[in-house]
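The residues of the chain are indexed from 1 along the displayed sequence.
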Amino acid sequence: VLVPLAARMKRSAIATLLSALLFAACQGAPPPKQASANELVRHDGRIVANLVAAPYDANHTAATCKPWHDVFAGDGRVLTKGLGGTFPHHRGLFVGWNQVQCGGERFDFWHMNRGESQRLVRLDADPNGRRQTATIAWCKADGTVVVHEQRTVTLHERADGAAVLDVLDVQVALAAAGDDVVLGGDPQHAGHQFRAVQAFAEKGAAPVRYLRPATAQGGKNDVWTDCAWTAAVLPFADGAVTVLRVEGAGNAKATWSTRPYGLFGAMWELRLLRGEAPTTLRVTWVMAYGERDAAWCEAVAAEAAAMVGR
């Protein structure tokens, strides 16, 4: 069938116009959103953790004296406390020791109320939001560095039926900056800890419930030993979330604490020797919807090494 020349020219003009419009639209379309260097992001774009690390300011020490990670459930709910609230020095996923000795001096890198600070020096992050390494300097009041830290957090995802488990693999490498350093204290005021949202610390709030392995041994003042894993069941009104902590097999001997308002974790008594390689600690955190039981925790903890590639 012969198409008249005028009709062909009209069709050609329309095709050219549509191509031009499509090209312009593509040129003007924003590029795919990349994760902020501070964010750890799932494949579906949901933020699982966010590093909070404001530049240190001696005039605003409470807000700038330490870095921490805010942690989120897969549906966007905030799981951890930030600034303020009961025990304001507890924030998200954080690291610190309250009894630190170095060069004949004593420091408190937990409360940091005598001028101590943990200062972010550098942040190296995967542009896809799956891994980040924060280089952190533990400084005394005059700015002298006492401890060098590298805190690496890697995000993994694991199928859990129709849902997804968010897995944060945390590696903390600590080294003496000068003289030998002794890190001591107790499991309520030292180590690597998770602090749940302030709501669980309010008067009349439902307490956070904890799960432990059968091997766990309880002592005075909520001190526990022999915990290959511990888990907190956070009783949110709109649905519980279980947070499982799994210890790295190569970690030093630890003691654990589990507070009803949602602070839980473990501490290690460590000696960092001048000029020696960093001491590395590894902890895996798994966030899951609903109230999980000890059998589930035991099974997931057993898979943790393979889950994070260790």
Scan for salt bridge (charged side-chain N to carboxylate O under 4.0 Å, His left out) pairs involving [range], sequence neighbours excluded, and state none if there are none.
range: residues 189-214; value: Arg209-Glu291
range: residues 110-121; value: Arg114-Glu116
range: residues 45-55; value: Asp44-Arg46
range: residues 227-242; value: Arg77-Asp238

*Can you list the other members of the hydrophobic cluster that holds Tyr261, where links are side-chain heavy atoms under 4.5 angstrom apart?*
Val52, Trp68, Leu83, Phe87, Phe94, Trp110, Leu263
Sequence neighbours left out, cut at 3.5 Å: what donor-acceptor pairs do the side chains of residues 176-183 make with other protein atoms?
residue, atom, partner, partner atom, Å
Asp179, OD1, Arg274, NH1, 3.1
Asp180, OD1, Arg274, N, 2.7

Going by side chain to side chain contact (heavy atoms under 4.5 Å, CB included), name the residues that satisfy it together with [X], two or more places apart in sequence or in a different chain.
X: Arg106; answer: Gln101
X: Asn59; answer: Asp57
X: Ala252; answer: Trp268, Leu270

_Glu269: which residues meet the salt bridge (charged side-chain N to carboxylate O under 4.0 Å, His left out) condition with it, sequence neighbours left out?_
none
*asked:* Checking Arg91 now: which residues fulfil salt bridge (charged side-chain N to carboxylate O under 4.0 Å, His left out) with it, not counting sequence neighbours?
replied: none
*Test side-chain hydrogen bond (donor to acceptor under 3.5 Å, both in side chains) applied to Thr225 - qualifying residues, sequence neighbours left out*: none
_Ring centroid separation Tyr210 to Trp229 under 6.0 Å_ = no
*Looking at Val167, Leu93, Leu244, which one forms a side chain to side chain contact (heavy atoms under 4.5 Å, CB included) with Trp285?*
Leu93
*Shortest non-hydrogen contact from Phe236 to Val78?*
CZ-O, 3.9 Å
